[in-house]
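In this chain, numbering begins with 1 at the start of the sequence shown.
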Amino acid sequence: MKQKRKQLREEQQPADGKLLQWHPAFYADLQIEFREEKEKLKFEREYLLSSKPMAIDVLIIKKKDAEPIHKNIGKIFRKYNIIEYKSPSDSLSVDDFYKVYGYTNFYKADTGKVNEIPIQELTITLVSKRYPRELIRHLKEVRHYTIDNPEEGIYYVIGDILPIQILVTNRLSPEKNLWLYSLTDTLEDMSVTRQLLEDYKKNKENQLYQAVMEIIVKANENRLKEGKRDMCNALLELMKDELDEKREEGIKEGIKEGESLGENRINQLILKLSELNRTDEILKAAADREYQKKLLKEFGL
């Protein structure tokens, strides 16, 4: 099957004068969500459907047809899985449903070989922060589908030859879908934020986690500042672990430069960055020792 994949310009969402790129973060987020079964799946971002700018947000292809996907948001998956994502400020409309349904049929047909992709091998997943009330009503009253809600935030659309699901991210379980739940501009639960930081701490060298965390921090900058004390403590713990690792390495090599970076100095650094609305730099400083030293020097700490 000929591939017509291309990176397209991302629609960007302005926030506090900055442009936030939600779709790349969502693409990374999906790979985090499916990390336990990543060997079964192939991810393709913005799969170009034709020579004109008409593209699927994410195409996920199962590498082995017979292998089931156990992740709750991927249980309906077949061979080819079309994903449509709406950023937090956007809504999922009736027309969005028909657009993606049309894209799916176009993807099935535009292969160069008759019935190369059987319709039975396709699925559709629509992702939105908010519950799409008008769309659900339309699917029930006009399409005569039924809606099943097998678990928090997951809605199966029953009655079409294609398996279709709608994921409402702000209703997903933070325990099962921590990163997808947290990919929002209204992150309010500090316990979820702490859980997110703990998981990030374990994976901070991974570029997928860095991409998602960066957009979460930028989108929730004001909310994080409102809970400054709790957030600073959580970030301090994250940075303290990094310092402990550096200190351990230094002792092994007979170098003790890590000792000079005391907890009080790091706490002051976090507070200064928060006050200056530079919250996104806190996580960067936690993961990048050289950048951390640069900031300490900048503030004379």
Side-chain angles (χ1 to χ4, degrees), residues 13 15-16 18 20-36 71-73 85-92 126-133 149-155 165-204 206 208-242 267 270-271 273-275 277-287:
Q13 173 64 31
D16 298 331
K18 298 178 181 178
L20 299 183
Q21 298 190 21
W22 288 98
H23 283 70
F26 173 69
Y27 179 67
D29 202 317
L30 276 180
Q31 293 173 78
I32 292 172
E33 288 286 343
F34 285 104
R35 62 189 178 274
E36 300 298 330
K71 182 70 179 179
N72 62 341
I73 61 172
Y85 171 68
K86 291 296 178 182
S87 62
S89 61
D90 206 352
S91 59
L92 187 61
L126 306 167
V127 185
S128 174
K129 173 186 169 182
R130 291 182 291 275
Y131 182 77
R133 203 167 303 280
N149 180 205
E151 61 177 270
E152 296 173 278
I154 300 177
Y155 300 85
Q165 67 177 349
I166 298 171
L167 305 180
V168 180
T169 58
N170 71 355
R171 295 188 180 187
L172 289 171
S173 162
E175 288 73 33
K176 293 182 179 180
N177 306 102
L178 174 64
W179 287 85
L180 199 49
Y181 173 87
S182 302
L183 189 63
T184 180
D185 56 358
T186 54
L187 190 61
E188 296 176 336
D189 190 331
M190 286 305 299
S191 65
V192 171
T193 305
R194 281 182 167 276
Q195 189 180 347
L196 191 70
L197 284 169
E198 284 299 314
D199 199 36
Y200 176 75
K201 182 167 61 177
K202 300 171 189 173
N203 300 280
K204 59 189 176 186
N206 188 310
L208 294 175
Y209 287 80
Q210 292 172 12
V212 181
M213 183 59 89
E214 181 181 0
I215 197 76
I216 291 172
V217 171
K218 285 183 178 178
N220 293 277
E221 189 170 11
N222 291 332
R223 294 175 186 277
L224 295 180
K225 281 197 300 179
E226 288 168 7
K228 188 182 332 185
R229 180 177 297 177
D230 287 340
M231 181 54 59
C232 285
N233 288 338
L235 290 169
L236 178 59
E237 289 173 17
L238 177 64
M239 296 180 77
K240 183 177 181 298
D241 286 348
E242 179 71 10
N267 199 10
I270 292 171
L271 288 171
L273 289 172
S274 296
E275 288 165 4
N277 295 326
R278 292 165 62 178
T279 317
D280 53 315
E281 294 181 65
I282 296 174
L283 287 169
K284 184 177 178 182

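- Here the side chains of Leu167 and Gln165 are in contact, with some heavy-atom distance below 4.5 Å.
- For Glu152, there are no salt bridge (Lys or Arg N to Asp or Glu O under 4.0 Å) partners two or more places apart in sequence or in a different chain.
- Considering all non-hydrogen atoms of both residues, Asn149 and Ile154 come closest at ND2-O, 2.8 Å.
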One pair to check against side chain to side chain contact (heavy atoms under 4.5 Å, CB included): Trp179 and Asp29. What are the steps and the verdict? CA-CA 6 Å; Trp179 287 85; Asp29 202 317; 3.3 Å; yes
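- Taking 4.0 Å as the cut-off between side-chain N and carboxylate O, Glu36 and Lys71 do not count as a salt-bridged pair.
- Here Tyr155 and Tyr131 bring their ring centres to under 6.0 angstrom of each other.
- Shown here for Ala211 and Ala28, the closest heavy-atom pair between the two residues is CB-CB, 4.2 Å.
- Contact of the Trp22 side chain with the Tyr85 side chain is registered, since non-hydrogen atoms from C-beta on lie closer than 4.5 Å.
- Under 4.0 Å is where a charged nitrogen must lie from a carboxylate oxygen, and between Lys218 and Glu214 at least one such pair does.
- Within the model, atoms CD1 of Ile215 and OG of Ser87 stand 9.5 Å from one another, a figure rounded to the nearest 0.5 Å.
- Remark: Ile32 CD1 to Leu180 CG distance equals 10.0 Å, nearest 0.5 Å.
- Put simply, the side chain of Val212 reaches to within 4.5 Å of the side chain of Leu183, judged on heavy atoms.
- Formation of a donor-acceptor pair under 3.5 Å by the Asn220 side chain with backbone atoms of Ile216 is found in this model.
- Atoms CD and OH, from Glu175 and Tyr181 in turn, are 9.0 Å apart once rounded to the nearest 0.5 Å.
- Of the possible polar contacts, one joining the Gln210 side chain to the Lys204 backbone as a donor-acceptor pair under 3.5 Å is found.
- Ring centroids of Tyr209 and Tyr200 are separated by 6.0 Å or more, keeping the two rings apart.
- For the pair Arg130 (side chain) and Pro88 (backbone), a donor-acceptor distance under 3.5 Å is present.
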One pair to check against side chain to side chain contact (heavy atoms under 4.5 Å, CB included): Glu33 and Ile73. What are the steps and the verdict? CA-CA 9 Å; Glu33 288 286 343; Ile73 61 172; 4.0 Å; yes
One pair to check against side chain to side chain contact (heavy atoms under 4.5 Å, CB included): Leu196 and Met213. What are the steps and the verdict? CA-CA 9 Å; Leu196 191 70; Met213 183 59 89; 3.9 Å; yes
Please evaluate residues Thr184 and Asn170 with respect to the criterion side chain to side chain contact (heavy atoms under 4.5 Å, CB included), reporting the C-alpha separation (whole Å), side-chain torsions for both, the decisive distance (0.1 Å), and the verdict. CA-CA 8 Å; Thr184 180; Asn170 71 355; over 6 Å; no
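- Qualifying side chain to side chain donor-acceptor pair (under 3.5 Å) partners for Ser91, counting only residues two or more places apart in sequence or in other chains: none.
- With sequence neighbours excluded, the residues that form a salt bridge (Lys or Arg N to Asp or Glu O under 4.0 Å) with Asp199 are Arg35.
- The shortest side-chain heavy-atom distance between Ser182 and Val192 falls under the 4.5 Å cut-off.
- Nearest heavy-atom pair, Pro132 versus Leu92, reported as atom, atom and distance to 0.1 Å: CB-O, 3.6 Å.
- A salt bridge does not link Lys129 to Asp90: none of the charged nitrogens lies less than 4.0 Å from a carboxylate oxygen.
- Between the CG atom in Asp185 and the OG atom in Ser89 there is a gap of 7.0 Å [rounded to 0.5 Å].
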